[in-house]
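Remember, predicted model here, so these are calculated numbers, not experimental data. Whatever order the structure lists them in is the order used to number ligands and atoms, beginning at 1.
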Amino acid sequence: MRLKNKVAIVTGGGVGIGKAYAHGLAKEGAKVVVADIQEAEARKVAADIQQAGGEAMAVAVDVTSVEKTQAMAQTALKAYGRIDILVNNAGLYSALKKKNFMEIDGDEWDRVMAVNVKGLWHCVKAVYPAMKQQGKGKIINISSGTMLSGSPFFLHYVSSKGAVIGFTRALAREVGNDNICVNSIMPGLTISGSNQEGVMTAEQLADRRKRRAIQRDQYPQDLVGTVIFLASDDSDFMTGQAIAVDGGMNMY
Ligand SMILES: NC(=O)c1ccc[n+]([C@@H]2O[C@H](COP(=O)([O-])OP(=O)(O)OC[C@H]3O[C@@H](n4cnc5c(N)ncnc54)[C@H](O)[C@@H]3O)[C@@H](O)[C@H]2O)c1
């Protein structure tokens with residue numbers, strides 16, 4: 001087990017890809033704080049991890065709230081005494097409808113930025129004091145392959161995921177001397193359980209299969225190994241990086 005005695009917070013861990021990250025980290029021995037705005041779903045994931053012999057707890061969090069993200073970190077510290085890993089996975093994605101940029105209204109744009117960009121900053125601010133004090137930490141920010149391909153009709157979302165890369169790089173430089181690694185992952189289109197309706201179409205799936213070097217659909221499990229690697233000691237000298245995990249669709 002590569003993450004024995006480590007404590008990991010996974011935001012948006014209640015459903016979709018975040019749920020797979022939570023299970024994967026727990027299987028490697030981490031104590032997992034499943035943090036989600038969908039509290040009932042977070043509770044189910046934590047219970048499933050416990051039932052499988054792992055350690056986990058659920059925390060309700062809205063990443064747009066300074067108070068709630070601070071409370072999330074305090075709850076984790078109270079329960080487990082430390083925070084080693086933060087997976088900034090919560091995002092507005094499957095809840096969004098694809099539309100022409102002219103049709104996106106200002107409130108929706110602001111909401112996407114509040115969750116997908118500012119939310120990461122809130123979570124980092126909440127866990128940083130513990131990581132600094134411990135002399136080590138791993139922050140993994142979930143971007144998206146859409147920022148490489150420039151997916152159309154999702155301008156706010158793609159812009160927010162581009163911002164995640166800049167955020168990752170600048171933060172990595174600020175916390176490097178605290179021995180905190182900050183990296184990001186750019187997943188390809190993933191059948192996550194929550195994006196089947198609205199966001200993802202059969203045509204898009206067929207298109208992605210064709211454009212990948214490994215020509216098949218992508219599932220949450222395809223991303224878990226990279227998260228574990230970035231959370232583990234194996235990646236201790238890697239920071240500020242953005243890794244595409246998409247079956248070789250984007251090569252850059
Ligand atoms: N599925 C894909 O194809 C794909 C591809 C690239 C990147 N991503 C990114 O991966 C992450 C997970 O994707 P998914 O497919 O599981 O999406 P999803 O929409 O199913 O999951 C988003 C998660 O974030 C949570 N969340 C939303 N707003 C929140 C808030 N304010 N506070 C706390 N939690 C909040 C949701 O409850 C949910 O658990 C997202 O950041 C998404 O942008 C997904």
Side-chain angles (χ1 to χ4, degrees), residues 9-24 33-46 58-72 86-98 108 110-123 126 140-149 151 154 156-165 167-168 184-201 204-205 207-209 212 217-224 226-227 242-247 249-250:
I9 296 177
V10 182
T11 67
V15 302
I17 308 177
K19 178 171 152 180
Y21 295 150
H23 278 285
V33 178
V34 185
D36 206 305
I37 201 164
Q38 300 186 61
E39 190 179 359
E41 301 299 328
R43 282 189 192 287
K44 275 190 235 161
V45 173
V59 174
V61 73
D62 178 346
V63 297
T64 66
S65 157
V66 173
E67 292 73 27
K68 299 231 171 81
T69 49
Q70 290 289 331
M72 168 187 78
L86 168 67
V87 185
N88 261 328
N89 165 78
L92 275 186
Y93 164 63
S94 61
L96 299 171
K97 294 252 172 303
K98 291 211 166 167
E108 185 174 314
D110 289 347
R111 179 85 189 139
V112 169
M113 295 300 161
V115 178
N116 294 9
V117 186
K118 201 173 183 185
L120 277 60
W121 176 52
H122 289 157
C123 292
I140 303 158
N141 299 318
I142 305 302
S143 174
S144 166
T146 57
M147 76 75 64
L148 290 171
S149 59
S151 270
F154 230 16
H156 44 5
Y157 177 80
V158 178
S159 302
S160 75
K161 292 300 183 177
V164 172
I165 306 290
F167 175 94
T168 297
S184 61
I185 297 176
M186 299 178 289
L189 184 68
T190 305
I191 300 175
S192 68
S194 38
N195 59 355
Q196 267 92 336
E197 281 165 37
V199 180
M200 188 179 68
T201 62
Q204 275 179 308
L205 283 178
D207 168 76
R208 294 305 189 282
R209 283 194 296 271
R212 286 178 180 142
D217 288 330
Q218 176 162 356
Y219 293 95
Q221 204 52 40
D222 293 314
L223 292 151
V224 172
T226 307
V227 165
I243 305 175
V245 180
D246 61 5
M249 188 178 114
N250 293 292

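Remark: ligand 1 atoms within the under-4.0 Å shell around heavy atoms of Ser94 are 18 (P), 19 (O), 20 (O). Near Asp62, the atoms of ligand 1 lying under 4.0 angstrom from a non-hydrogen atom of the residue are 30 (C), 31 (N), 32 (N). Residue-ligand proximity, Val15 to ligand 1, at heavy-atom distances under 4.0 Å covers atoms 20 (O), 38 (C), 39 (O). Close approach of ligand 1 to Leu189 is summarised as follows: ligand atoms under 4.0 Å from at least one heavy atom of the residue are 3 (O). Proximity to Gly12 (heavy-atom distance under 4.0 Å) selects the following atoms of ligand 1: 23 (C), 24 (O), 25 (C), 39 (O). Near Ile142, meaning under 4.0 Å from one of its heavy atoms, ligand 1 places the atoms 9 (C), 10 (O). The Gly188 neighbourhood of ligand 1 comprises atoms 3 (O), 5 (C), with distances under 4.0 Å to a heavy atom of that residue. For ligand 1, the atoms sitting less than 4.0 Å from at least one non-hydrogen atom of Gly16 are 16 (O), numbered in the order shown with element in parentheses.
In terms of polar-atom proximity, defined here as any N/O pair under 3.5 Å, Val115 makes no such contact with ligand 1. Annotation: Ala95 places no N or O atom under 3.5 Å from an N or O atom of ligand 1; distance criterion only. For a threshold of 3.5 Å applied to N or O pairs, the pair formed by Thr64 and ligand 1 contains no separation below that value. Among the atoms of Ser144, none of the N or O lies under 3.5 angstrom from an N or O of ligand 1.
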Go through it in stages, so that I can follow the logic: the residues are Ser159 and Met113, the test is side chain to side chain contact (heavy atoms under 4.5 Å, CB included), and I'd like the CA-CA distance, side-chain angles, deciding distance and then a yes or no. CA-CA 9 Å; Ser159 302; Met113 295 300 161; 3.8 Å; yes

Just do the side chain to side chain contact (heavy atoms under 4.5 Å, CB included) check on Met147 and Ser160 with the steps written out, would you? CA-CA 9 Å; Met147 76 75 64; Ser160 75; over 6 Å; no

Go through Arg209 and Asp217 one step at a time and tell me if the salt bridge (charged side-chain N to carboxylate O under 4.0 Å, His left out) criterion holds. CA-CA 6 Å; Arg209 283 194 296 271; Asp217 288 330; 2.8 Å; yes

Determine, stepwise, if the pair Met186 / Lys161 fulfils side chain to side chain contact (heavy atoms under 4.5 Å, CB included). CA-CA 9 Å; Met186 299 178 289; Lys161 292 300 183 177; over 6 Å; no

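In this structure the side chain of Ile140 never reaches within 4.5 angstrom of the side chain of Asn88, judged on heavy atoms.
Nearest to atom 40 (C) of ligand 1 among the protein's heavy atoms is Asn89 O, 3.3 Å. Summary of contacts: the protein heavy atom closest to atom 43 (O) of ligand 1 is Tyr157 OH, 2.6 Å. Of all protein heavy atoms, the one closest to atom 29 (C) of ligand 1 is Ile37 CG2, 3.8 Å. Looking at atom 17 (O) of ligand 1, its nearest protein heavy atom turns out to be Tyr93 CD2, 3.5 Å. In terms of protein heavy atoms, atom 14 (P) of ligand 1 is closest to Ser192 OG, 3.7 Å.
Heavy atoms of Val61 come nearer than 4.0 angstrom to ligand 1 in at least one pair. The shortest heavy-atom distance from Ala42 to ligand 1 is not under 4.0 Å. In this structure, Lys19 falls outside the shell of residues with a heavy atom less than 4.0 angstrom from ligand 1. Taking a 4.0 Å cut-off on heavy atoms, Ser143 registers as neighbouring ligand 1.
For the side-chain contact (heavy atoms from CB on, under 4.5 Å) with Val87, the qualifying choice from Val10, Thr11, Asn141, Ile185 is Val10, the only one to do so.
Distance alone, capped at 3.5 Å, is enough to place a donor-acceptor pair between the Thr190 side chain and the Gly188 backbone. Checking side-chain atoms of Glu39 against main-chain N and O of Gly14 turns up no donor-acceptor pair under 3.5 Å. Under a 3.5 Å cut-off, the side chain of Asn116 and the backbone N or O of Leu92 do form a donor-acceptor pair.
Nearest residue to atom 44 (C) of ligand 1 from Leu120, Ile17, Thr146 is Ile17 (criterion: closest heavy atom).
Every residue was checked against the side-chain hydrogen bond (donor to acceptor under 3.5 Å, both in side chains) condition with His23, not counting sequence neighbours, and none meets it.
In summary, Arg111 and Glu108 do not engage in a salt bridge, as defined by a charged side-chain N under 4.0 Å from a carboxylate O.
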